[in-house]
Protein chains: 2
Amino acid sequence: MKTLKNDPPGCSQSLLAMRDTLEVLGGKWKLLILHYLITRDHQVNTFKKMQREISGISAKMLTKELKDLEENHLVHREQQNTKPITVRYTITDYGRSSEQLIQQLVDWGKIHRAKLLSVDE
Amino acid sequence: MKTLKNDPPGCSQSLLAMRDTLEVLGGKWKLLILHYLITRDHQVNTFKKMQREISGISAKMLTKELKDLEENHLVHREQQNTKPITVRYTITDYGRSSEQLIQQLVDWGKIHRAKLLSVDE
DNA sequence: CTGTATCCGATTGGATACTG
DNA sequence: CAGTATCCAATCGGATACAG
């Protein structure tokens, strides 16, 4: 498990917690990947399939993000005995703890798109 | 108000909403800034004060992030008649719509720090 | 198929000095 | 005080080729 950065001096508890979350789940892709795996829990999600279906991500990025998520026990990596080799990625129980957060992202995105329509641009 | 990116083809509604949120509120600082302004709603929050108290942010970044947030009606900018000039930043009603999302970030950060302690590293 | 390695342009973001 | 302008280093991240 990756260690977190130290508290910036004088940082409140909630600020620190936010920073931690942004450090672990921040960036362009991690929450999208978690969402992908959560909503496709019963499927066999291979590297290739994920790259195809998570629109816009490159192999390099997907590798890196999956590695980060695995290090933090949010995602499980399982190599299959196929030929050629395939790898199955699944969400862990711990990874599921991000579900509410993800739901908030979805909810807010909908709020924002609605707001956009209601405002003269 | 900034327009959002178009839907990547074949993108589900929830995925699209997540992308929107990450586009508007993503990055290292925006949610920290909103949190700052929400929790200090009754104070006079000037540029300098914010830069001092949001540990680690540079003037350049704070300028840019505040501008983005203002463009999206999440933050209000108000120039004061002081000498030298000061500027007061406040959260808007719309900005307050991010409060639940921020709370989730705080909650998850606490979960994660606890998890970190419970796992042999 | 699942990555890794390399190249390289684009972007990020700090430091510093400066303007109104 | 509230930014802007400039320089520059570090990182990001795509494309391509390649390895197991």
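By convention in this document, chain letters (A, B, ...) are assigned in the order of the sequence lines, proteins followed by strands, and residues within each chain are numbered from 1. What you see is a predicted model; the values in this text were computed from it and never measured.
As rounded to whole Å, 10 Å separates atom C1' of D/dG3 from atom CD of B/Gln79. Rounded to an integer number of Å, the gap from B/Lys28 NZ to D/dC12 P is 10 Å. Residue B/Gln51 contributes atom CD, which lies 14 Å from atom C1' of D/dT4 at whole-angstrom precision. Between the CG atom of B/Asp68 and the P atom of D/dG3 there is a distance of 14 Å, given to the nearest Å. Look at CD on B/Glu65: it is 14 Å from P on D/dT4, rounded to the nearest Å. Between A/Lys64 atom NZ and D/dT11 atom P the separation is 12 Å, expressed in whole Å. Between A/Trp29 atom CH2 and D/dC12 atom C1' there is a gap of 13 Å when expressed in whole angstrom units. Rounded to a whole Å, the CG atom of B/Asn45 is 11 Å from the P atom of D/dA2.
Nucleotides of DNA chain C nearest to B/Met61 and A/Leu66 differ in position, and the one nearer the 5' end is that of A/Leu66. Nearer the 5' end of DNA chain D, as judged by each residue's closest nucleotide, is the contact made by A/Ile57, out of A/Ile85 and A/Ile57. Where A/Lys60 and A/Val87 meet DNA chain C, the nucleotide closest to each residue was compared, and A/Val87 sits on the side nearer the 5' end.
When DNA chain C is scanned in the 5' to 3' direction for atoms under 4.0 Å from non-hydrogen atoms of chain A, the outermost contacting nucleotides are C/dC1 to C/dC7.
Annotation: A/Gln100, atom CD; neighbour count of heavy atoms from other residues, nucleotides and ligands within 6.0 Å does not exceed 12. Heavy-atom contacts from other residues, nucleotides or ligands closer than 6.0 Å to NZ of A/Lys28 number 12 or fewer. In this structure, A/Lys48 places its NZ atom where only 12 or fewer heavy-atom neighbours from other residues, nucleotides or ligands lie under 6.0 Å away.
Residue-level contact check: B/Arg77 touches the backbone only, with heavy atoms under 4.0 Å from sugar-phosphate atoms and none from bases. At the heavy-atom level, B/Thr82 lies nowhere under 4.0 Å from the strands shown. Counting non-hydrogen atoms under 4.0 angstrom, B/Lys49 reaches nothing in the nucleic acid.
Of all non-hydrogen atoms in B/Leu37 and B/Met50, the two that sit nearest each other are CD2-CE, 3.9 Å.
B/Tyr36 and B/Lys49 share a side-chain donor-acceptor pair at under 3.5 Å. Side-chain atoms of A/Trp108 and B/Ser98 include no donor-acceptor pair closer than 3.5 Å. Counted by atom type alone, B/His112 and A/Tyr94 present one or more donor-acceptor pairs between their side chains at under 3.5 Å.
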